[in-house]
Amino acid sequence: MDLLADLEARGLIHDSTDRVALAARLSSGPISLYVGFDPTADSLHAGHLVGQLFLRRFQLAGHKPFPLAGGATGMVGDPSGRSDERNLLDPDTLRYNVSRIEVQLQRLLDFSPGTYQAKLVNNADWTEPVRLLDFLRDVGKFVTVNQMLAKDSVRSRLETDTGLSFTEFSYSLLQANDFRHLYEHEGVELQAGGSDQWGNIVAGVDLIRRSVSKTAHALTHPLVTKADGAKFGKSVDGAVWLDPAKTSPYQFRQFWIQVDDAMIGRYLRMFSIQPLAAIAEVLGRHAVAPERRVAQRALADELTELVHGTAALDAARSATEVLFGGDPASASEAALAAVAREVPSSCVRTDELSDLIGLLVSTRLATSNSDARRTLQQNGYRANGALLSESSQLSDVGLVHGRYLLLRKGKSNYHLLEIS
RNA sequence: GGGUCGGUACCCAAGCGGCCAAAGGGAGCAGACUGUAAAUCUGCCGGCUCAGCCUUCGAAGGUUCGAAUCCUUCCCGGCCCA
């Protein structure tokens with residue numbers, strides 16, 4: 001099965017420029033391609049994985065991937081898919097964000113020397129030196145405002161009260177210039193991205209055709225959604241980040257384990273780099289006994305290892321065994337140490353145990369004293385597996401290994417206390 | 001600038017002098033059933049030293065025994081006119 005057919009079967013193709021021409025180009029030999037990531041935050045999130053894995057899939061097929069950090073485009077703000085003007089981030093924040101994202105962009109790809117060696121680029125490198133007048137002559141002259149106004153992202157914004165600033169209006173020119181720059185200096189012939197990027201990508205294809213009379217290709221994937229159509233990549237606590245300091249490997253893995261049955265097949269095809277036949281086999285086993293969550297576990301393990309590494313995956317798994325396995329009171333010391341690294345934890349003195357309500361609030365298992373009381377009345381808390389009530393004394397609960405107290409709210413909210 | 005309608009808890013949205021911490025829906029939290037799923041059902045969903053008390057209904061003043069509800073001024077938004 002060739003690469004395009006594989007991507008198609010995985011539900012990863014939303015749109016492309018001339019499909020026949022692209023297929024012909026891909027089969028004629030290695031191609032260089034890029035996917036851009038703007039530094040809107042100091043970490044990428046789960047949704048970005050589709051784009052990152054796009055590069056990975058091409059690299060595995062022998063092509064050369066260019067992950068791009070949007071140091072320049074991030075300064076301007078992409079209006080695509082937004083109903084209002086973005087707040088500009090200050091340059092220091094952007095530089096910091098770029099530095100964080102670059103670390104993540106290097107994780108999933110092979111950077112060792114070879115024909116398909118990945119190369120990290122930052123569009124600030126070639127955009128910042130460009131002089132305004134040169135830009136207007138070398139880029140602006142090849143683009144008509146008529147076309148730009150026709151784009152959905154622009155047109156929808158023209159009808160709003162806030163409008164669209166010239167800054168954001170210009171965004172697609174910068175991205176188009178990126179594509180042309182990479183085409184001319186790195187031989188990049190294909191740009192991929194989410195379906196919301198179609199207009200920006202095609203702007204680059206057009207610019208390349210008009211200014212240097214060459215053919216470049218565009219390929220977009222559908223944006224990932226949840227079963228209810230809600231935005232993907234958000235968990236209870238917010239976005240699912242790739243930065244382990246923001247979303248721990250344990251939480252990251254849990255996010256995938258908790259995926260609906262209704263979506264797991266689709267996600268597995270979109271996110272797993274396993275062959276489709278292997279995925280079909282996993283889904284087959286899952287269908288026989290869905291309660292075992294075979295498919296969710298397979299996806300969770302694969303992605304956790306890919307993003308956080310084998311050691312982090314092992315730690316997350318052993319933490320999971322304690323938290324969702326049997327009695328936490330019988331967990332080994334090593335397993336509890338793993339739990340401590342993966343779920344929120346804190347150290348308290350013995351005398352602090354007497355203030356149950358206060359402790360529930362300070363561990364963030366309750367948002368206020370009232371909330372703590374309510375949840376206690378509703379049998380929402382357990383300590384080392386024992387149900388707590390308003391009159392419970394934590395000092396009466398036996399510590400595990402003489403110093404651990406595992407607090408749990410509901411089914412999957414934990415906080416580990418280490419008593420000193 | 002004139003007119004007019006509106007600003008209520010995380011969001012939408014009732015209430016229009018006491019029965020209002022404020023209907024209803026959504027989101028969220030807990031419980032039941034399950035499979036760390038979905039659906040369904042139940043409870044909760046401002047705060048507190050919790051049978052009670054305190055602070056809220058754009059802001060500040062005022063009328064009243066009593067105001068989210070009436071009056072004044074101001075701020076913000078929709079629509080119409082200029």
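Each chain gets a letter, A, B and so on, in the order its sequence line appears, and its residues count up from 1.
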*asked:* With heavy-atom distances below 4.5 Å as the criterion, would you say the side chains of A:R253 and A:T320 are in contact?
replied: yes
task: Verify the contact: side-chain N or O of A:N413 to OP1 or OP2 of B:U36, cut-off strictly under 4.0 Å; return yes or no.
output: no
Considering only the C1' atoms, how many Å lie between B:U69 and B:A21, rounded to the nearest integer? 15 Å
Using the six-membered ring wherever Trp is involved, compare the ring planes of A:H308 and A:F252 and label them parallel, tilted or perpendicular (cut-offs 30° and 60°).
perpendicular
Closest of B:U36, B:G35, B:A30 to the A:Q378 side chain is B:A30
note: A:R382, atom CZ; B:U36, atom P; distance rounded to Å ~ 14 Å
Paired to B:C29 by Watson-Crick or G-U wobble criteria (both distances under 3.5 Å) is B:G43
Side chain A:D261 and base B:G35 donor-acceptor under 3.5 Å = yes
Using Watson-Crick geometry (N1-N3 plus N6-O4 or O6-N4) or G-U wobble (N1-O2, O6-N3), each under 3.5 Å, B:G35 is paired with none
With the side chain defined as heavy atoms from C-beta on, A:K411 is closest, among B:G47, B:U34, B:G35, to B:U34
- Parallel, tilted or perpendicular for A:H48 and A:H45, by the 30°/60° rule? tilted
Under 3.5 Å side-chain donor-acceptor pair for A:S43 and A:Q104: yes
- Item | Gap in Å between the two C1' atoms, one belonging to B:A27 and one to B:A13, rounded | 14 Å
Worksheet item: When you check the phosphate oxygens OP1 and OP2 of B:C48, does a side-chain N or O of A:S370 lie under 4.0 Å from one of them?
Response: yes
Taking B:A37, B:A30, B:C50 as options, the one with an atom nearest any side-chain atom of A:R293 is B:A37
Is there a side-chain polar atom (N or O) of A:R373 under 4.0 Å from OP1 or OP2 of B:U49? yes
Just call it for A:Q377: base, sugar-phosphate, or nothing, with non-hydrogen atoms closer than 4.0 Å on any strand. nothing
What nucleic acid atoms does A:R374 come within less than 4.0 Å of, heavy atoms only: base, sugar-phosphate, or nothing? sugar-phosphate
The nucleotide from B:U36, B:A30, B:G35 with an atom nearest the side chain of A:T375 is B:A30
Report task. Look at all strands and tell whether A:N379 reaches a base, only sugar-phosphate, or nothing, counting heavy atoms closer than 4.0 Å. Result -> sugar-phosphate
Students often get this wrong, so: under 4.0 angstrom with heavy atoms, is A:R292 touching a base, only sugar-phosphate, or nothing?
nothing
Re B:U72: Watson-Crick or G-U wobble partner, both distances kept under 3.5 Å, found to be B:A60
Q) What distance, rounded to whole Å, do you find between the two P atoms, one in B:C10 and one in B:A23? A) 14 Å
### Query
Considering residues, nucleotides and ligands other than A:R19, do more than 12 of their heavy atoms fall under 6.0 Å from its CZ?
yes
Regarding the side chain of A:D260, the nearest nucleotide among B:A30, B:A38, B:C48 is B:A38
Separation of B:A38 atom P from A:R266 atom CZ, nearest Å, is 17 Å
query: Base, sugar-phosphate, or nothing for A:T320, non-hydrogen atoms under 4.0 angstrom?
result: base
When rounded to whole Å, the CG to P distance for the pair A:L356 and B:U49 reads 13 Å
Return the orientation label for the A:F166 and A:F169 ring planes: parallel under 30°, perpendicular over 60°, tilted otherwise. tilted
- [ ] Kindly indicate whether the side chain of A:S368 and the base of B:C48 share any N or O donor-acceptor pair separated by less than 3.5 Å?
- [x] no
